2 protein chains.
Amino acid sequence: MNISEAARRSGLSAKTIRYYEDIDLVAPAARGDNGYRQYDSKAVEELHFLARAREVGFDLLECRQLLGLQRDTSRQSRHARQLVLEKSRQLQTRIEQLVAMQKVLQAMADRCKGDEGPECAILEVLAAAPEGGESA
Amino acid sequence: MNISEAARRSGLSAKTIRYYEDIDLVAPAARGDNGYRQYDSKAVEELHFLARAREVGFDLLECRQLLGLQRDTSRQSRHARQLVLEKSRQLQTRIEQLVAMQKVLQAMADRCKGDEGPECAILEVLAAAPEGGESA
DNA sequence: GCTTGACCTTCCAGTGACAGGAAGGTTTAC
DNA sequence: GTAAACCTTCCTGTCACTGGAAGGTCAAGC
């Protein structure tokens with residue numbers, strides 16, 4: 001099949017598939033007589049594997065490692081598990097950051113009247129001097 | 001004061017301050033006889049305002065709008081409130097995505113033995129065919 | 001006066017993971 | 001014959017910076 005069909009089946013865009021080939025994340029696709037890339041179901045499976053890994057938050061370097069494990073029949077499952085647990089921790093940290101940010105935003109919105117006047121608690125909070133006031 | 005002191009007080013890096021000047025987010029700093037940028041407390045306040053806005057998740061375009069409101073004494077606080085509420089919604093969406101991703105990761109880790117063997121539920125999940133199985 | 005080190009300047013390149021688009025070749029359908 | 005829908009490569013742009021090179025300036029110590 002051509003690249004657009006491989007894209008449809010794998011869940012990646014054709015652009016992304018070419019990019020992954022470019023950076024040697026996947027092996028170069030076979031080519032037809034016309035120079036078009038040709039994909040078989042095995043190639044599509046790898047692409048789909050990558051799409052899934054990206055969806056749950058792995059970056060391309062990690063995807064490379066996961067794909068290496070997937071290809072390696074003598075792998076050790078603890079290596080995959082380590083990657084997953086580390087990524088989970090990273091997501092947890094990021095989630096906590098975003099929640100904290102959102103709390104600040106909510107607090108600002110709650111205090112702001114949001115009317116036609118210029119007085120605005122949001123801008124006041126953003127403009128507030130750093131805590132630990134110096135006196136000069 | 002010079003740029004490194006302004007950086008220290010505002011919470012931005014000197015690099016970032018120059019960058020903000022470069023993209024016209026802040027007005028060009030005054031220059032001393034030696035060509036060094038000079039900052040007064042008013043300039044530092046604006047930089048600090050930007051640092052705060054970035055911390056709670058606004059991108060530079062939004063920072064530009066917020067700074068515009070901050071400078072405009074005839075502003076309407078509802079404009080600031082709209083920006084905050086929209087950003088809050090965006091963060092909420094992002095948080096939900098990350099939580100969903102993390103759930104998948106946790107489920108994978110829970111099912112994987114994580115030992116010396118090759119059998120690995122994580123890789124199985126990532127490699128699983130798209131749902132809605134075709135039969136060819 | 002000289003050196004050392006900490007500043008400062010500008011400018012260019014790189015990051016991650018692609019997306020958009022130009023310029024051109026191929027295939028398919030009518 | 002031609003239009004459209006593919007495909008190819010190559011270049012640029014995104015976002016918000018960071019790192020580094022090459023070079024000018026300043027303050028302190030000897």
Side-chain angles (χ1 to χ4, degrees), chain A residues 1-26 28-40 43-44 46-67 87 90-91 94 97-98 101, chain B residues 1-26 28-40 43-44 46-67 87 90-91 94 97-98 101:
Chain A
M1 78 194 80
N2 288 345
I3 197 168
S4 66
E5 178 63 13
R8 200 189 59 74
R9 294 200 196 180
S10 67
L12 297 171
S13 73
K15 280 271 189 195
T16 298
I17 294 174
R18 288 195 201 96
Y19 174 67
Y20 286 178
E21 183 179 317
D22 223 48
I23 62 170
D24 285 316
L25 182 54
V26 296
R31 298 291 181 129
D33 292 345
N34 50 15
Y36 288 13
R37 288 176 181 79
Q38 292 298 316
Y39 296 87
D40 57 18
V44 169
E46 279 210 349
L47 293 170
H48 180 66
F49 181 94
L50 290 169
R52 285 266 182 122
R54 293 287 294 124
E55 278 167 18
V56 296
F58 290 105
D59 63 31
L60 292 189
L61 185 56
E62 290 155 347
C63 284
R64 210 179 281 272
Q65 298 180 260
L66 285 167
L67 203 51
K87 182 55 57 182
Q90 287 173 16
L91 282 188
R94 186 66 185 142
Q97 285 173 358
L98 293 183
M101 287 156 61
Chain B
M1 77 194 81
N2 288 345
I3 197 167
S4 65
E5 179 64 14
R8 200 190 59 74
R9 293 200 196 182
S10 67
L12 297 172
S13 73
K15 280 274 191 194
T16 298
I17 294 174
R18 287 194 201 98
Y19 174 67
Y20 285 178
E21 184 180 318
D22 223 48
I23 62 170
D24 285 316
L25 182 55
V26 296
R31 300 289 183 128
D33 293 344
N34 50 17
Y36 289 12
R37 288 176 181 79
Q38 291 300 316
Y39 297 88
D40 57 18
V44 169
E46 279 210 347
L47 293 171
H48 180 65
F49 180 94
L50 290 170
R52 284 267 181 121
R54 294 288 294 124
E55 278 167 19
V56 295
F58 290 105
D59 62 31
L60 292 188
L61 185 57
E62 290 155 347
C63 284
R64 210 179 281 270
Q65 298 179 263
L66 286 167
L67 203 50
K87 182 55 56 184
Q90 288 174 18
L91 282 188
R94 186 66 186 141
Q97 286 173 359
L98 294 183
M101 288 157 60

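Values in this document were obtained by computation on a predicted structure and should not be read as measured data. Lettering of chains follows the sequences in order, A, B, ..., and the numbering in each one begins at 1.
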Sugar-phosphate only, base, or nothing, as touched by R37(B) at under 4.0 Å among non-hydrogen atoms: sugar-phosphate

Any S13(B) side-chain N or O less than 4.0 Å from OP1/OP2 of dC17(D): no

Side chains of Y39(A) and L47(A) in contact at under 4.5 Å (non-hydrogen atoms): yes

Protein-nucleotide distance (Q38(A), atom CD; dC7(D), atom P), rounded to Å: 10 Å

Members of residues 56-63 of chain B that approach DNA chain C, where some heavy atom sits under 4.0 Å away: none

Presence of T16(B) side-chain N/O under 4.0 Å of dA16(D) phosphate oxygens OP1/OP2: no

R64(A) side chain to D24(A) backbone, donor-acceptor under 3.5 Å: yes

Side-chain donor/acceptor of R52(A) to backbone N/O of V56(A), under 3.5 Å: no

Euclidean distance, atom CE of residue M1(B) to atom C1' of dC8(C) [Å, nearest integer]: 16 Å

Tabulate protein N/O versus nucleotide N/O from nucleotides 19-21 of chain D, keeping only pairs under 3.5 Å, one per line.
from: dG19(D); atom 1: N7; to: K15(B); atom 2: NZ; distance (Å): 3.1
from: dG19(D); atom 1: O6; to: K15(B); atom 2: NZ; distance (Å): 3.1
from: dG20(D); atom 1: O6; to: K15(B); atom 2: NZ; distance (Å): 2.3

Closest-nucleotide 5' rank along DNA chain C - winner of R54(A) and G35(B): G35(B)

Touch class at under 4.0 angstrom, heavy-atom based, for I23(B) against every strand present: nothing

Y19(B) and L12(B), any side-chain heavy atoms less than 4.5 Å apart: no

Side-chain heavy-atom pair R37(B), R31(B) within 4.5 angstrom cut-off: yes

Shortest non-hydrogen contact from A53(A) toward C63(A): CB-SG, 3.7 Å

Under 4.0 angstrom between N34(B) side-chain N/O and dC26(D) OP1 or OP2: yes

For atom CG of L50(B) and atom P of dA16(D), their distance in whole Å: 12 Å

DNA chain D: 5'-proximal contact among L12(B) and D33(B) (nearest heavy atom): L12(B)

Close side-chain approach of F49(A) and L66(A), heavy atoms under 4.5 Å: yes

Rounded distance in Å - CD (E21(A)) to C1' (dC18(C)): 16 Å

Under 3.5 Å donor-acceptor, E62(B) side chain and D59(B) backbone: yes

Whole-Å gap separating P (dC15(D)) and CZ (R64(B)): 11 Å

Phosphate-side-chain proximity, R31(B) and dT10(C), N/O vs OP1/OP2 below 4.0 Å: yes

Nearest-Å distance for atom pair CD1/P, residues I3(B) and dT18(D): 12 Å

Non-hydrogen side-chain atoms of M1(A) and V44(A) separated by less than 4.5 Å: yes

Main-chain N/O of Y36(A) paired with N34(A) side-chain donor or acceptor, under 3.5 Å: yes

Would you tabulate the nitrogen or oxygen pairs shorter than 3.5 Å linking the protein to nucleotides 1-6 of chain C?
none

Euclidean distance, atom CZ of residue R8(B) to atom C1' of dC8(C) [Å, nearest integer]: 18 Å

Exercise: identify the closest heavy-atom pair between A7(A) and S13(A): CB-C, 4.0 Å

From dC7(C), dT8(D), dA16(D), nucleotide with atom closest to S4(B) side chain: dC7(C)

L47(A) CG to dC18(C) C1', straight-line distance once rounded to whole Å: 15 Å

N-O pairing of E21(B) and R18(B) below 4.0 Å: no

